[in-house]
**Student:** 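Structure in structure tokens, see below.
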Amino acid sequence: SQQGEEDPQALSIQEGENATMNCSYKTSINNLQWYRQNSGRGLVHLILIRSNEREKHSGRLRVTLDTSKKSSSLLITASRAADTASYFCATDNTGNQFYFGTGTSLTVIP
Amino acid sequence: SQTIHQWPATLVQPVGSPLSLECTVEGTSNPNLYWYRQAAGRGLQLLFYSVGIGQISSEVPQNLSASRPQDRQFILSSKKLLLSDSGFYLCAWTVGASNNSPLHFGNGTRLTVT
């Protein structure tokens with residue numbers, strides 16, 4: 001079953017702007033991960049944040065985690081047309097099971 | 001380096017026909033293996049996962065089954081396909097016995113049941 005819900009479902013921005021997408025989940029977690037999916041392809045791992053971490057950076061990506069609210073956000077700064085893709089959060093509850101949200105479809109307009 | 005192979009890339013099958021999708025991982029030992037299904041425009045649904053040879057956990061009762069005959073081989077099967085089995089099937093692996101290992105996905109199989 002799906003664990004998380006991403007918000008918004010779709011996002012359209014101009015190149016150079018920042019993109020923020022949110023993820024809410026239901027149960028306690030070991031970690032939360034963000035993935036990217038280009039149309040018709042497999043998912044690519046972007047960043048993992050552990051349950052005892054509050055913020056993590058990787059290049060133009062910034063992820064926050066609020067376990068009290070069971071939510072996370074992914075910020076992509078200075079977006080590029082190549083960032084156009086769907087973005088998913090996934091929660092790891094037990095180390096063996098990964099549950100995905102419904103995804104945010106991001107369109108970056110050149 | 002580790003790689004994951006999934007085939008075929010696309011498949012069109014009639015209702016009632018059998019299915020076999022194969023996934024193999026190279027460059028790692030004792031991986032955890034996963035099958036996900038993605039309906040059009042939707043999120044990923046975990047179907048099966050395996051932490052070792054012959055060990056299969058099913059998430060959703062359905063028309064599908066999985067097997068792991070070898071350490072790095074994961075097979076998704078059906079005896080008789082239904083229209084509702086159409087979708088994008090993704091195989092993935094993680095490092096076994098690790099609580100903070102990301103999933104690595106194959107390129108997927110797009111299955112259309114007609």
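Every chain is numbered from 1 and lettered A, B, ... according to where its sequence line falls, protein lines coming before strand lines.
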**Student:** Assigning hydrophobic clusters by single linkage (Ile, Leu, Val, Met, Phe, Trp, Tyr; side-chain heavy-atom cutoff under 4.5 Å), is Ile75(B) placed with Val60(B)?
**Tutor:**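 No, separate clusters.
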
**Student:** Give, for atom CG of Leu90(B) and atom CD of Gln37(A), the distance between the pair rounded to the nearest 0.5 Å.
**Tutor:** 6.5 Å

**Student:** Please report the closest heavy-atom contact between Tyr99(A) and Leu46(B), naming both atoms and the distance.
**Tutor:** CE2-CD2, 4.1 Å

**Student:** Do Leu19(B) and Val15(B) share a hydrophobic cluster (ILVMFWY, side-chain heavy atoms under 4.5 Å, transitive)?
**Tutor:** yes

**Student:** Write out all pairs satisfying salt bridge (Lys or Arg N to Asp or Glu O under 4.0 Å) with one or both partners inside residues 83-96 of chain B, taking only residues at least two apart or from two chains.
**Tutor:** Arg37(B)-Asp85(B)

**Student:** Membership question, hydrophobic clusters at under 4.5 Å side-chain separation (ILVMFWY): are Leu11(B) and Leu83(B) in the same one?
**Tutor:**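 Cluster IDs for Leu83(B) and Leu11(B) match.
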
**Student:** In this structure, are over 12 heavy atoms from other groups packed under 6.0 Å from Gln2(B) atom CD?
**Tutor:**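 More than 12 heavy atoms, drawn from other residues, nucleotides or ligands, come within 6.0 Å of this atom.
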
**Student:** Which of residues 105-114 of chain B get closer than 4.5 angstrom to chain A, counting heavy atoms alone?
**Tutor:**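 When heavy atoms of chain A are the reference, residues 105-114 of chain B contributes Phe105(B), Gly106(B), Asn107(B), Arg110(B) within the under-4.5 Å range.
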
**Student:** Could you go through Phe98(A) and Tyr36(B), starting from their C-alpha distance and side-chain angles, then the distance that decides it, and tell me whether this counts as side-chain contact (heavy atoms from CB on, under 4.5 Å)?
**Tutor:** CA-CA 10 Å; Phe98(A) 298 78; Tyr36(B) 284 89; 3.1 Å; yes

**Student:** How long is the straight-line distance from CG of Asn30(A) back to OG of Ser101(B), given to the nearest 0.5 Å?
**Tutor:** 12.0 Å

**Student:** Which distance, rounded to the nearest 0.5 Å, do you find between the CG of Leu43(A) and the CG of Leu103(B)?
**Tutor:**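 The CG atom of Leu103(B) is 9.0 Å from CG of Leu43(A), to the nearest 0.5 Å.
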
**Student:** More than 12 non-hydrogen atoms from neighbouring residues, nucleotides or ligands closer than 6.0 Å to CZ on Arg80(A), yes or no?
**Tutor:** no

**Student:** Which heavy-atom pair separates Gln38(B) from Phe88(A) by the least distance, and what is that distance?
**Tutor:**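 That would be NE2-CZ, 3.5 Å.
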
**Student:** What closest approach, in Å, do Arg41(A) and Phe88(B) show between heavy atoms, and which atom pair accounts for it?
**Tutor:**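 Minimum heavy-atom contact is O-CE2, 3.5 Å.
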
